[in-house]
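Working notes, structure below.
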4 protein chains.
Amino acid sequence: MKRTKPKFKQIIDAAVVVIAENGYHQAQVSKIAKQAGVADGTIYLYFKNKEDILVSLFQEKMGNFIEKIEEEIAGKQTAAEKLLMLVEKHFSLLAADHDLAIVTQLELRQSNKELRLRINEVLKGYLKVVDQIIIQGKENGEFRADLDVRLARQMVFGTIDETVTTWVMNEQKYDLLKLTGQVHQLLIYGCGFFKPNS
Amino acid sequence: MKRTKPKFKQIIDAAVVVIAENGYHQAQVSKIAKQAGVADGTIYLYFKNKEDILVSLFQEKMGNFIEKIEEEIAGKQTAAEKLLMLVEKHFSLLAADHDLAIVTQLELRQSNKELRLRINEVLKGYLKVVDQIIIQGKENGEFRADLDVRLARQMVFGTIDETVTTWVMNEQKYDLLKLTGQVHQLLIYGCGFFKPNS
Amino acid sequence: MKRTKPKFKQIIDAAVVVIAENGYHQAQVSKIAKQAGVADGTIYLYFKNKEDILVSLFQEKMGNFIEKIEEEIAGKQTAAEKLLMLVEKHFSLLAADHDLAIVTQLELRQSNKELRLRINEVLKGYLKVVDQIIIQGKENGEFRADLDVRLARQMVFGTIDETVTTWVMNEQKYDLLKLTGQVHQLLIYGCGFFKPNS
Amino acid sequence: MKRTKPKFKQIIDAAVVVIAENGYHQAQVSKIAKQAGVADGTIYLYFKNKEDILVSLFQEKMGNFIEKIEEEIAGKQTAAEKLLMLVEKHFSLLAADHDLAIVTQLELRQSNKELRLRINEVLKGYLKVVDQIIIQGKENGEFRADLDVRLARQMVFGTIDETVTTWVMNEQKYDLLKLTGQVHQLLIYGCGFFKPNS
DNA sequence: AATGAATGAGGTTTCATTCAT
DNA sequence: CATGAATGAAACCTCATTCAT
């Protein structure tokens, strides 16, 4: 399996660095090869084409991402606690890797429609986790019974994503992790966690 | 004033159509000129360069957008009513122009960093409107007093944007406008509109 | 006759200024029109095309040039005196019009082969004057009998031209006119004015 | 070192042929590539841009030029002999390569100011050689003590250059080399080689 | 497995010239 | 006579991908 060979990860990590430093449109294959310490042609022994590098990058990094979040969530009971963990992990994982944050929030979004569709495929795993939390919340009465799962998921992902993007665009000047509590509150209130005043 | 001449709008509208149909990277100036019914060179009598077409497109369309929303909002009293109008207008304006929706949600995001920075400048006007609503809501007690304005704004914009993007990516198969009420509810609950159950 | 109308000269003078200030390749017809205070299209009422402006410019300016030199030379007796006057006038006329000097020595030489051939046609009048001086010098014994007229003419023109070009390239920092005597000496010595040592 | 690779010279030689045959402004990169038998893109593995081809062309050819002349001159004793050798080599090298003569005397002069400045840098090496000959001539009494070195150099270069240009413009119909003796005589007389008659 | 020299398609922009007013 | 908005052809350069070694 190619994906397990050392050069596979080596090239992906090089891609993250090169894209973060130079931007998506200035991340030529030759630059990535140089950063990875291999010849241009070697890239094509591990990846079908340039798009494949980027999709693999997202799969690899986001795969880890989802796995870690699922592990942490498994240990929590309530939907609200799970959501808190999700936000915290989402923030902490990106805050821990500045280059990756730049790549996922800013640079990779400049890719063409086809590539973004394939990236969205990868994202679906993450969105399913969110859906499960919301469904659980509705079932056990934490959240409103009339909550639309898809819309709630869009609020959760949209809010988290917009928060991280704003943080990256502000050059990560403030502490993203400190926002966890307030963002979590926005989300669970939006989900009707506390019953509207009766 | 160039921006008032008929060909200025003519070229911008042509750009929207061409980008929506062919994608950002396949929207050559010659295609836009052909669609607009002018010569390639004529484009450059009205725009400094290709980037200027795209920025002007955004300014023109989003400018209208913000103006219309501000007008409608002015007639409303409460922050919740204003937010409802904002969501409704945002959805209805994009639902009314399928091509424009594709361009703003998917295609224009592929532009390079410099162009996106200039687009963000235009967006700031929109975000200010959101901020004002949130501030009013906090002041008159509709919203939580401990609500962080910036985070709330990010939730509002992130949720709306994510909702529209999902709708566009699903090829606009369902009625975006029908989501208005539920999205609005998510947002005002998130803002603590109804006091947590006491 | 078009050439006598005021706008004809007006446009030519504008061309000299624009070319001197912007360089040959940045001297667009529209810039010349603006400098001349006329519309772009008006240029084409007085000149067949852009090349015609440049050839006319050279004819007009160099025509004056040759006329003035011929007048001055007519009053001199010996070939050596005539050559001195030629050098002096050549230097003084270009030193008096810095823009024209830049245009003739640097900018107009960037024109294409065809244009340069037409410019050379105009130059022939000047070269004939030089030839006549050299022939007279040979006939009356001032110059060597074995002097090749064509080569001598090339020395005269080449030396004067190179001197002026160097002066222009040095941004006209020193006094060109002060070189007259020494340049003259180079030329008449080259022509064998003083008999080789016997 | 790129400059030593065979394709470097191959492309430069192709550029000389293409420019000589088509003229400076009709010498597209694609034509040069075709003539050199390489792909368009290959050009850019050896040259930064089109201008770099032309500067390198001049450096390469004129570099050889200056080297050869310096070698030949080293074997001569007097300034007059050295000057004779300079004229002879200058004429013979250009007479031996008709295309190069066209390129250096006519076509390359159409280049823009920046390119010509870089070409002039290369020329300075040639002019230094001339200066040294003149200075030697003055020191050992061959030439006039009051000879201005800079003006004399301008005469030498101006005369030689004008002679070659005229020969090229006359389509190289006559034998340039046969002019060597007479041109040499013009130059050394101009330098006062034979004392003026006393 | 690894290399890296070579390939070649494709698009933005300028500007001389025209012609309807 | 004069205008100036409109035209449209034409070329440099980049970079993902290949393949002989």
Side-chain angles (χ1 to χ4, degrees), chain A residues 2 5-7 11 25-34 36-54, chain B residues 2 5-8 10-11 22 25-34 36-54, chain C residues 2 5-7 11 25-34 36-54, chain D residues 2 5-8 10-11 25-34 36-53:
Chain A
K2 276 182 186 171
K5 297 194 178 170
K7 277 189 183 160
I11 291 167
H25 290 293
Q26 281 306 306
Q28 293 87 352
V29 171
S30 60
K31 257 187 206 153
I32 296 173
K34 197 171 189 179
V38 300
D40 293 17
T42 305
I43 299 269
Y44 291 87
L45 298 174
Y46 296 88
F47 301 90
K48 212 171 66 209
N49 49 36
K50 186 179 178 181
E51 184 179 305
D52 192 29
I53 307 176
L54 304 174
Chain B
K2 275 182 182 171
K5 293 191 181 170
K7 277 192 182 151
F8 181 82
Q10 193 175 328
I11 291 166
N22 301 275
H25 289 292
Q26 281 306 305
Q28 294 88 349
V29 172
S30 60
K31 263 187 201 152
I32 296 174
K34 198 171 189 178
V38 300
D40 293 17
T42 305
I43 300 269
Y44 292 87
L45 296 177
Y46 295 89
F47 300 91
K48 214 169 61 207
N49 49 36
K50 187 178 178 181
E51 182 179 308
D52 191 31
I53 306 177
L54 305 173
Chain C
K2 276 181 185 172
K5 297 196 177 169
K7 277 189 184 161
I11 291 166
H25 290 292
Q26 282 305 307
Q28 293 87 351
V29 172
S30 60
K31 257 187 204 152
I32 297 174
K34 197 170 188 179
V38 299
D40 292 17
T42 306
I43 299 269
Y44 291 87
L45 298 174
Y46 294 89
F47 301 90
K48 212 170 66 208
N49 50 36
K50 186 179 178 181
E51 184 179 307
D52 192 28
I53 307 177
L54 304 174
Chain D
K2 274 183 184 172
K5 293 190 181 171
K7 277 191 182 153
F8 181 82
Q10 193 174 327
I11 290 165
H25 290 293
Q26 281 306 305
Q28 294 89 350
V29 171
S30 60
K31 263 188 201 151
I32 297 174
K34 198 172 188 179
V38 300
D40 292 19
T42 305
I43 300 269
Y44 293 88
L45 296 177
Y46 295 89
F47 300 91
K48 215 169 61 212
N49 49 36
K50 188 180 177 181
E51 182 179 307
D52 191 31
I53 306 177

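To find a chain, count down the sequence lines: A is the first, B the second, and so on, and within it residues start at 1. Bear in mind that the values here come from a model prediction, so they are computed numbers and not experimental data.
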- Query: DNA chain F in dot-bracket, Watson-Crick or G-U pairs under 3.5 Å, [ ] crossing, | other strand?
  - Reply: .||||||||||||||||||||

- Query: Where the side chain of B:Val38 is defined as all heavy atoms beyond and including C-beta, which of E:dA6, F:dG4, F:dT7 is the nearest nucleotide?
  - Reply: F:dT7

- Item | Side chain of C:Leu45 (C-beta onward), nearest among F:dA6, F:dA2, E:dT3 | F:dA2

- Query: Do the side-chain N or O atoms of A:Tyr46 get closer than 4.0 angstrom to the phosphate oxygens (OP1, OP2) of E:dA2?
  - Reply: yes

- Sorted by position of nearest nucleotide on DNA chain E, 5' first, the leading residue of C:Glu51 and A:Ile43 is A:Ile43

- Of the candidate nucleotides F:dG4, E:dG11, F:dT7, which contains the atom at the shortest distance from the side chain of B:Gln28? E:dG11

- Task: Side chain of C:Tyr44 only, please: which of F:dA9, F:dA6, E:dT17 is the nearest?
- Result: E:dT17

- Rounded distance [0.5 Å steps], CD1 in D:Ile43 versus CD1 in D:Ile53: 5.0 Å

- Task: Could you pull out the closest heavy-atom pair between D:Val29 and D:Tyr44, with the gap in Å?
- Result: CG2-OH, 3.6 Å

- Quick one: on DNA chain E, does C:Lys50 or D:Gly41 contact a more 5' nucleotide (nearest heavy atom)? D:Gly41

- Query: Whole Å only: how far is the NE2 atom of D:His25 from the C1' atom of F:dC12?
  - Reply: 15 Å

- Interatomic distance, B:Lys50 atom NZ to B:Gln28 atom CD [nearest 0.5 angstrom]: 6.5 Å

- From CG (C:Leu54) to CD1 (C:Ile32), nearest 0.5 Å: 6.5 Å

- Message: Does a side-chain N or O of D:Thr42 approach OP1 or OP2 of E:dT7 to a distance below 4.0 Å, or not?
- Response: yes

- Note: D:Phe47 and D:Phe8 closest approach over all heavy atoms is CE2-CE1, 3.4 Å

- Message: Let's see if you can work this out: which of E:dT12, F:dG4, E:dA9 has an atom nearest to the side-chain heavy atoms of C:Asp40?
- Response: F:dG4

- Does D:Lys31 have a side-chain nitrogen or oxygen under 4.0 Å from the phosphate oxygens OP1 or OP2 of F:dA11? no

- Can you find a side chain N or O atom of D:Lys7 that sits less than 4.0 Å from OP1 or OP2 on E:dA6? yes

